[in-house]
Protein chains: 2
Amino acid sequence: MIRRTPRTHGEILAAAARRFAVTGYKGTSLQDIAREVGCSKAAVLYHFAGKEALLAELMAGPISVLCELDERISALTGAAAQQAAAEGFVDLAVRFRGEIALLRGEFPELLAQPAFAHIHLISERLIEAMTGPDGGQDARVAALVLLAGIAEGCGTFADIPDEELRPALLAVAQRVLVTAAPPPTPDHQHQD
Amino acid sequence: MIRRTPRTHGEILAAAARRFAVTGYKGTSLQDIAREVGCSKAAVLYHFAGKEALLAELMAGPISVLCELDERISALTGAAAQQAAAEGFVDLAVRFRGEIALLRGEFPELLAQPAFAHIHLISERLIEAMTGPDGGQDARVAALVLLAGIAEGCGTFADIPDEELRPALLAVAQRVLVTAAPPPTPDHQHQD
DNA sequence: TCAGACACTGACCGATCGGTCAGAGAAAGA
DNA sequence: TCTTTCTCTGACCGATCGGTCAGTGTCTGA
């Protein structure tokens with residue numbers, strides 16, 4: 001029972017991540033992945049129940065971190081929730097930028113699948129938190145632009161190391177989010 | 001020579017735009033479009049040389065505006081170019097948000113096609129302009145997050161009319177862009 | 001009335017997709 | 001040595017893709 005040759009499972013996963021990152025989930029065939037690994041398509045399907053299973057395993061890490069972030073935020077309100085959401089999402093995006101990048105533009109359809117249904121709810125709560133205590137339409141637009149910009153952009157920062165990208169994104173987040181609604185009357189106009 | 005029944009060409013284009021916006025370019029088949037119009041797939045291919053031709057005609061508007069913006073920016077430098085790039089891109093994104101949305105995540109592959117090769121160069125020049133006179137890595141990150149965030153996010157703001165979305169996005173742009181390199185030349189610092 | 005242009009259809013094409021399946025080959029325990 | 005288990009393969013499946021093609025009905029100008 002020594003289960004020799006542990007090579008393939010991890011190799012296939014890594015190859016799938018590489019191909020997905022370049023050509024996207026839909027744009028990558030099982031044949032492409034098999035070619036990258038150097039085995040048959042059937043071998044890929046021997047180790048994984050299907051193409052979806054491959055994606056699910058690849059996204060397990062970032063998804064669990066996203067769920068943790070959601071729980072953490074749900075215990076907070078107002079500016080504290082906003083700050084935690086921004087910092088948490090930047091951390092997640094930097095750490096898992098490869099995984100996020102491979103979902104480029106396929107969020108709508110992938111999220112429609114039952115396996116990822118809860119992600120949709122979480123992302124909505126994330127935007128709500130990032131919108132902050134202001135709650136106005138401008139704040140919501142800012143939150144959405146930030147979220148989408150980080151998610152979409154972080155995959156293209158392959159040349160920037162984590163320890164430089166994180167503070168850069170955090171700085172952007174601090175600037176873009178509508179942080180305070182001092183009086184009830186809308187009154188934000190100072191900046192930096 | 002009266003060319004009666006002008007119905008189909010425009011109808012097909014509109015139906016394609018609708019389907020592309022929902023399921024993406026790759027995710028929409030000619031059959032889907034034909035079903036939406038209520039004709040055969042062959043009829044779609046009678047009016048358009050192919051699926052790519054459909055996309056090209058849909059994108060002709062935003063692309064020409066993008067080219068104009070590129071020319072306008074190329075005549076400017078520094079903060080003026082940055083401001084023009086931000087405002088111009090926001091205008092473009094708001095006006096053509098439907099068209100931009102249908103490219104969701106398919107930029108990499110579509111831009112790889114020779115027909116759209118110059119778009120890639122333009123978007124790079126746009127980012128360079130948005131990076132601004134500061135030129136540092138943080139400014140570049142900010143520019144890319146803004147560009148990606150607007151492009152990716154604007155398609156989801158279907159419930160916000162143009163005249164509200166534009167100032168909201170402009171406000172985000174003013175906040176997020178690194179507008180000045182403070183120590184060397186204190187030049188411009190107005191805001192809002 | 002009739003030829004021809006136009007708009008369109010259904011059948012069909014080769015390619016590719018995700019996925020299945022019977023079986024081959026190697027290794028390990030008995 | 002024999003049997004079992006694991007790993008992997010090539011052939012194959014039905015579905016769907018973008019695209020082609022011969023032909024059909026309809027309208028128009030002569």
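In what follows, chains are A, B, ... by sequence order, proteins preceding strands, each numbered from 1. Atoms considered below: every heavy atom in the structure, side chains included; atoms not considered: hydrogens, waters and symmetry mates.
Distance Ile12(B) CD1 to dA7(C) P: 11 Å, rounded to the nearest Å. Per the geometry, CG belonging to Leu55(B) stands 12 Å off P belonging to dG19(D), to the nearest Å. Between the CZ atom of Phe48(B) and the P atom of dT20(D) there is a distance of 15 Å, given to the nearest Å. If you measure from atom NZ of Lys51(A) to atom C1' of dA15(D), you get 15 Å, rounded to the nearest angstrom. Separating the NZ atom of Lys26(A) from the C1' atom of dG18(C) is a distance of 15 Å, rounded to the nearest angstrom. In this structure, CD of Gln31(A) is placed 10 Å from P of dG10(D), rounded to the nearest angstrom. The separation between Tyr25(B) atom OH and dG18(D) atom C1' is 9 Å, rounded to whole Å. At whole-Å resolution of the value, CD in Glu11(B) and C1' in dC8(C) are 14 Å apart.
Counting any heavy atom pair closer than 4.0 Å across all strands shown, Leu30(A) reaches sugar-phosphate atoms only and no base atom.
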Pairs under 3.5 Å (N/O, protein and nucleotides 9-11 of chain C):
{"residue": "dT9(C)", "atom": "OP2", "partner": "Ser40(B)", "partner atom": "N", "Å": "2.9"}
{"residue": "dT9(C)", "atom": "OP2", "partner": "Ser40(B)", "partner atom": "OG", "Å": "2.7"}

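Contact annotation: His9(B) side-chain N/O to dA7(C) OP1/OP2 distance is not under 4.0 Å.
Within the structure, every pair that satisfies the side chain to side chain donor-acceptor pair (under 3.5 Å) test and touches residues 59-74 of chain B, not counting sequence neighbours, is listed here: Asp70(B)-Arg125(B).
For Asp138(B), there are no salt bridge (charged side-chain N to carboxylate O under 4.0 Å, His left out) partners two or more places apart in sequence or in a different chain. Not a single salt bridge (charged side-chain N to carboxylate O under 4.0 Å, His left out) links Arg95(B) to another residue, sequence neighbours left out. The salt bridge (charged side-chain N to carboxylate O under 4.0 Å, His left out) search around Glu36(A) returns Arg18(A), Arg19(A), not counting sequence neighbours. In this view, Phe48(A) and His9(A) satisfy the ring pair (Phe, Tyr, Trp, His ring centres under 6.0 Å) rule, not counting sequence neighbours.
Between Gly136(B) and Thr131(B), the shortest heavy-atom contact is O-CG2, 4.2 Å.
The residue among Asp32(A) and Leu45(A) whose nearest nucleotide of DNA chain C is located toward the 5' end is Asp32(A).
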